[in-house]
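Accompanying notes for the structure given below.
Since we're looking at a predicted model, the values are computed, not measured. Just so we're on the same page: letters track the sequence lines, and every chain starts at 1.
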There are 2 protein chains.
Amino acid sequence: MTHLPDTEAAKPSGQEIPPAALARLTIYLRALNSLMAAGTERISSEQLAESAGVSPPTLRKDLSYLGSFGTRGVGYDVGLVSQEISAALGLMHEWKVAIVGVGNLGRALAGYSGFSTKGFGVVALFDADPLVVGAEVAGLRVSPIAELESVLRHTGANMAVMAVPAGVAQGLCDRLVAAGVMSILSFAPVVLQVPPSVQLRKVDMATELQILAYHAQRAQETENNSESSARP
Amino acid sequence: MTHLPDTEAAKPSGQEIPPAALARLTIYLRALNSLMAAGTERISSEQLAESAGVSPPTLRKDLSYLGSFGTRGVGYDVGLVSQEISAALGLMHEWKVAIVGVGNLGRALAGYSGFSTKGFGVVALFDADPLVVGAEVAGLRVSPIAELESVLRHTGANMAVMAVPAGVAQGLCDRLVAAGVMSILSFAPVVLQVPPSVQLRKVDMATELQILAYHAQRAQETENNSESSARP
DNA sequence: TCCTGTGAATGGCTTCACAGCG
DNA sequence: CGCTGTGAAGCCATTCACAGGA
């Protein structure tokens, strides 16, 4: 009777998960994996919410975007919820990641153990510096940028992380897109243009610090005001 | 002392800037500084919006949170707007940043040129590894964690960036807070607990990749569905 | 009775259209 | 006449209170 193209019945997998909820799901996943490693099998929404730093209703609402797999009156099965989140995020098979730019940041990313244990594998490294090309970093040989397209094709990489200077980021981004990479995470401090079909996310350390500075300045001003003017 | 504590009159500086707008303001600032370096003096909201990747009304609304300093019929003075954003973000004086953890990521941060040119100066480096302590990185000597409190006091650092393993992050975070650091940027993949008076921001590479994976999987599923079911 | 699941209301961001000034 | 500035409307996400099942 029901023949919707959903993978499983009773799961709202056609719905888009709101961005804010999506970000929190990754936090829950990490907390659940820690719990699983510690041997915990069941957990209540209140406990899990606390370890993730959110309110219990927020947690339950977020999980409800994936379906209903808790037990009323009891709580959640740690392993089951972890698996459901992994499935929803697309982490059941490994994504092949290429890292473009093997400076300090690129090395940090290449050696980041969180990748391999969470559904991501680094399969290629690229750098423009002839002194770096050919070196072995985190068990991989660094390829020259000139071989970008061929190595991407050969390794089957479908994601890329860009840890390159701002000036060359757009050019390399264009080449990644042309080579068929559909998901890019950029650490370069520039606005990159990509076609709508390509997913681009940006991590910007200068932006983060500037936002901190804004709040810090605000806190200082409030402090000064309450000092000098003790008004109603 | 009779006048208002506002730096300038007619500026809504008591208002909080919405988080989304705040993040975009940092992008505008970078674009404006590029323009200034290129010698451009005036720009319209349409041009600036395009280089920042947002719509013109969004740009104008964002700038209006700081005040009104454009010229109707003409556009914005690049230098003036840059200065106003810098003032609003608290970048007119330099913030002193301590970097905790001098692995590859810490080194990348210490050497990041964006800091010094944008109101941030790295004044202290810390690491737990005896082989790293004492080394010179980006012109600074690496201090041992044991000297955290004394070096923070001596250098007057008021911001900290944590590039340390998850396991030791909360302990170090507590010590930073106890030492009076009010703003912390963490790269550690854990939820950190801080008192409400302390500003904490988090950069999480695993989260970013997982969000990309979610969208990538969704794009694949959509593709498969439209393949198998040739709709009316 | 417990804790999960969810519909409804609140609050905030974004967008738009037009008012306002050079 | 051109472009900025902004009030208002629409929309989305978060929050809450309660329904619902073990």
Trace of the side-chain contact (heavy atoms from CB on, under 4.5 Å) decision for Y76(A) with T71(A): CA-CA 6 Å; Y76(A) 297 97; T71(A) 308; over 6 Å; no
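In terms of position on DNA chain C, the residue among I17(B) and T71(B) whose nearest nucleotide sits closer to the 5' end is I17(B).
Of all the heavy atoms in V54(A) and Y28(A), the pair that sits closest is CG2-OH, 3.6 Å. Of all the heavy atoms in W95(B) and A213(A), the pair that sits closest is NE1-CB, 3.5 Å.
Contact check for V191(B) versus S51(A): no side-chain heavy atoms found under the 4.5 Å cut-off. At least one side-chain heavy atom of S55(A) sits less than 4.5 Å from a side-chain heavy atom of T58(A). By the 4.5 Å heavy-atom criterion applied to side chains, N158(B) and K96(B) are counted as neighbours. Put simply, the side chain of E16(A) does not reach to within 4.5 Å of the side chain of Y65(A), judged on heavy atoms. Side-chain contact between D77(A) and I43(A): absent, with no pair of heavy atoms (C-beta onward) separated by less than 4.5 Å. Between L91(A) and Q217(B), every side-chain heavy-atom pair lies at or beyond the 4.5 Å cut-off.
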Sequence neighbours left out, cut at 3.5 Å: what donor-acceptor pairs do the side chains of residues 161-190 of chain A make with other protein atoms?
from	atom 1	to	atom 2	distance (Å)
Q170(A)	OE1	Q193(A)	N	2.9
Q170(A)	NE2	D174(A)	OD1	2.8
Q170(A)	NE2	Q193(A)	O	3.1
R175(A)	NE	E149(A)	OE2	2.9
R175(A)	NH2	I145(A)	O	3.0
R175(A)	NH2	E149(A)	OE1	3.1
S186(A)	OG	A188(A)	N	3.1

Under 3.5 Å, which donor-acceptor pairs link side chains of residues 198-212 of chain A to any protein atom two or more places apart or in another chain?
from	atom 1	to	atom 2	distance (Å)
R201(A)	NE	E208(B)	OE1	2.5
R201(A)	NH2	E208(B)	OE1	3.1
D204(A)	OD1	A206(A)	N	3.1
D204(A)	OD1	T207(A)	N	3.1
D204(A)	OD1	R30(B)	NH2	3.0
D204(A)	OD2	T207(A)	OG1	3.3
D204(A)	OD2	R30(B)	NH1	2.7
D204(A)	OD2	R30(B)	NH2	2.7
T207(A)	OG1	T26(B)	OG1	2.9
E208(A)	OE1	R201(B)	NE	2.5
E208(A)	OE1	R201(B)	NH2	3.1

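For the residue pair Q47(B) and S44(B), a side-chain donor N or O sits within less than 3.5 Å of a side-chain acceptor on the partner. Side-chain N/O atoms of N33(A) and S82(A) include a donor and acceptor closer than 3.5 Å.
Using a 4.0 Å cutoff on non-hydrogen atoms, the parts of residues 50-62 of chain B near DNA chain D are R60(B), K61(B), ordered by number. Of the residues in residues 192-202 of chain B, none has a non-hydrogen atom less than 4.0 angstrom from any atom of DNA chain D. Residues from residues 72-82 of chain B with heavy atoms under 4.0 angstrom of DNA chain D, sorted by number: R72(B), G73(B), V74(B), G75(B), Y76(B).
Nucleotide dG2(D) holds its C1' atom 13 Å from the CD atom of Q47(B), rounded to whole Å. Spacing between atom CD of E16(A) and atom C1' of dC12(D) amounts to 13 Å, rounded to whole angstrom units.
Contact annotation for R42(B): no contact, since no heavy-atom pair falls under 4.0 Å across all strands.
Close approach of DNA chain C to chain B, defined as any atom under 4.0 Å from a non-hydrogen atom of the protein, starts and stops at dC13(C) to dG22(C).
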